[in-house]
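Numbers restart at 1 for each chain; the letters A, B, ... are given by sequence-line order, proteins then strands.
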Protein chains: 2
Amino acid sequence: MAHKPRSEMIAETRAKLVAAARQAFGTVGYAAASMDDFTAEAGLTRGALYHHFGGKEGLLKAVVAEIDAEMSQRLNGISASHASPWQGFVAECVAYIEMALEPEIQRVMLLDGPAVLGDPSTWPNQTGCINSLTTNLKRLLQDGIIVDTDPEAMARLISGASLYASLWIANADDPQATSKKAVGAFKLLLDGLLADGRKSS
Amino acid sequence: MAHKPRSEMIAETRAKLVAAARQAFGTVGYAAASMDDFTAEAGLTRGALYHHFGGKEGLLKAVVAEIDAEMSQRLNGISASHASPWQGFVAECVAYIEMALEPEIQRVMLLDGPAVLGDPSTWPNQTGCINSLTTNLKRLLQDGIIVDTDPEAMARLISGASLYASLWIANADDPQATSKKAVGAFKLLLDGLLADGRKSS
DNA sequence: GATAGTGACATACGTGGCGTATGTCAATTA
DNA sequence: TAATTGACATACGCCACGTATGTCACTATC
C-alpha cells in the first residue's frame with residue numbers, strides 16, 4: 001500500500017496538533033493546558049510541537065488564526081444575507097456578540113489570546129473580524145447612511161463593546177434577560193450612528 | 001523600644017506583598033512573575049503569601065481590587081469637576097480611555113485579570129468603574145438628556161469600547177494620531193445617545 | 001505572671017511542566 | 001545506492017508552584 005506524500009503527512013500532523021490544542025485551550029484554558037497531555041492526545045509528543053510551532057505560544061497563534069478565520073467567514077455570510085446595507089451591518093454586529101458567547105471563542109479569543117499574545121490589533125491576521133466591520137462601515141459612510149467618522153476606529157469601538165457585552169452575558173445569572181438588555185442597548189448605540197433623519201430604520 | 005501592635009504589623013506585611021506583586025504583575029505580567037522573586041523583594045517568603053492570600057490568584061485579586069479602587073476614585077473626581085452632567089460624563093469616559101493607556105492598568109486589569117480571574121463583571125468589587133458609569137447614566141436618563149436605555153448595559157458597552165480602544169492606541173505605531181481617531185469616534189458614539197434635538201452639545 | 005494556645009511567618013520537600021539538546025529513522029535527491 | 005535533509009521522539013535539567021511541617025512571638029486565661 002502506497003504511502004501518502006510527505007507534504008500531506010506534515011499538513012496532517014500540524015492539523016492534528018492545532019485541533020488538539022484548540023480543544024484543550026478552549027476548555028481548560030491556555031495556562032492549564034499541558035503540552036504533554038494534548039500532544040499525546042493527538043498521538044504525538046512535544047517534539048513535533050516544538051518543531052512545527054516553536055513552542056506553546058506558536059500553537060496558540062495558530063489556533064487563534066484558525067478561529068479568527070472561521071469567525072470572519074461566518075460574519076461575511078451574515079452581512080451578505082441581508083437586503084439593506086444597514087440591516088446587514090446591524091445583523092453582523094449582533095452576530096458578533098452571539099459568537100462571543102461560545103465558550104471556545106470566549107476563552108481563546110477574549111481571555112487567553114490577549115493575555116498571552118498581547119493586544120489583538122497587533123495580531124498578524126489583523127483580526128479579520130475588525131476588517132469585516134471596517135469595510136462595512138466604509139460602504140455605509142460612502143452611501144451617506146451614517147455620520148462621518150473614521151471607519152477603523154469606529155469598528156474597534158464597536159468590536160470592544162460587543163466583546164465585553166458577550167463576557168457579561170455569558171457570566172450573568174440570567175443570560176437570557178441580560179442578552180436582551182445588552183442587545184437592546186447595543187442597537188441603540190448603533191442607531192446613534194445613523195445620519196440625521198434616518199433614525200429608527 | 002516598644003513594638004508596634006500585631007495588627008499593624010500584619011497590615012504592613014499585606015501591604016508590602018500587594019505592592020511588590022503589583023509592581024511585578026504590572027511590569028512582567030502575571031504568568032512571568034515569580035512568587036519567590038517578588039516576595040523576596042518585599043523582604044518575605046512565599047509562606048507569608050500563602051498565609052494571607054491563599055495563593056498567587058488571591059494576590060492578583062487583591063492587586064486588582066486596589067487598582068480598581070484607585071481608578072474609581074479618579075473617575076469620580078473627574079466627572080464631578082464639570083459643570084453640566086453630560087460634559088462630566090463625556091469627560092469621565094475619555095478619562096477611562098486615557099487611564100487604560102497606563103501599562104500597569106492595561107497589563108493587570110485588561111489582559112491578565114480577565115484571563116486569570118475570568119470576566120471582570122464577576123469580580124467581587126463589581127468593577128467600581130462600571131458602577132460609576134452606570135450611576136452617571138441613570139442621572140442623565142432621569143434628566144431626559146439621553147435616550148431611554150438600560151443604564152448598566154450601556155455602561156458595559158461603553159466600558160468595553162473604551163478598553164479596547166485603549167489597547168489599540170497603546171500598541172499603535174503612532175499613538176498620538178490613533179488616540180485622536182479613537183477619541184473622535186468615541187465622542188461621536190456617545191453623541192448618538194443624546195435625546196433628539198440635543199446633538200452636538 | 002506563668003502557661004497554654006493561636007497565628008504569622010519561614011523552611012523543606014515533592015511534583016509537574018517547560019525548553020533544549022540530542023538521537024533516530026524515513027523520505028527525498030543525485 | 002549513498003548522502004542529506006528534516007520530521008519527530010527521547011532524555012535531561014531547571015524553575016516554579018503548592019503543601020506539609022516547623023518555629024517563634026504574641027495573646028489570653030487563670
Write down the distance between CG (B:Leu59) and C1' (D:dC17), rounded to a whole number of angstrom. 14 Å

Please state how far atom CG in A:Leu49 lies from atom P in C:dG17, giving the value in whole angstrom units. 14 Å

Kindly point out which of C:dC9, C:dT20, D:dC17 is positioned nearest to the side chain of B:Arg46? D:dC17

A:Glu12 atom CD is separated from D:dC8 atom C1', nearest whole Å, by 15 Å

Selection: residues 31-44 of chain B, any non-hydrogen atom under 4.0 Å of DNA chain D: B:Ala33, B:Ser34, B:Met35

Testing the basics here: between A:Met154 and B:Ala185, what is the closest heavy-atom pair and its distance to 0.1 Å? CE-O, 3.4 Å

Out of B:Ile145, B:Asn136, B:Asp143, which residue meets the side-chain contact (heavy atoms from CB on, under 4.5 Å) rule with B:Trp86? B:Ile145

Taking only residues at least two apart or on different chains, which pairs with a member in residues 33-55 of chain B satisfy ring pair (Phe, Tyr, Trp, His ring centres under 6.0 Å)? B:Phe25-B:Phe38

Please state how far atom CG in A:Leu17 lies from atom C1' in D:dC8, giving the value in whole angstrom units. 10 Å

Gap separating the OG atom of A:Ser162 from the CG atom of A:Leu167, nearest 0.5 angstrom: 11.5 Å

Can you find a side chain N or O atom of A:His51 that sits less than 4.0 Å from OP1 or OP2 on D:dG6? no

When you check the gap from the basic side-chain N to the acidic O, do B:Glu57 and B:Lys61 get nearer than 4.0 Å? no

Between C:dC25 (P) and A:Met9 (CE): distance, integer Å: 17 Å

B:Ile10 has an atom CD1; how far is it from atom P of C:dC9, in whole Å? 6 Å

Between A:Phe53 (CZ) and C:dC18 (P), how many Å, whole number? 16 Å

Rounded off to whole Å, could you give me the CZ-to-P distance for the A:Arg14 and D:dG6 pair? 15 Å

State whether B:Lys56 places a side-chain N or O below 4.0 Å from either non-bridging phosphate oxygen (OP1 or OP2) of D:dC17. yes

Would you indicate whether the side-chain heavy atoms of B:Ser132 and B:Ser72 approach each other to under 4.5 Å? no

What's the shortest heavy-atom distance between B:Glu66 and B:Val18, and which atoms? OE1-CG1, 3.3 Å

C:dC9 phosphate, OP1 or OP2, under 4.0 Å from B:Thr13 side-chain N/O: yes

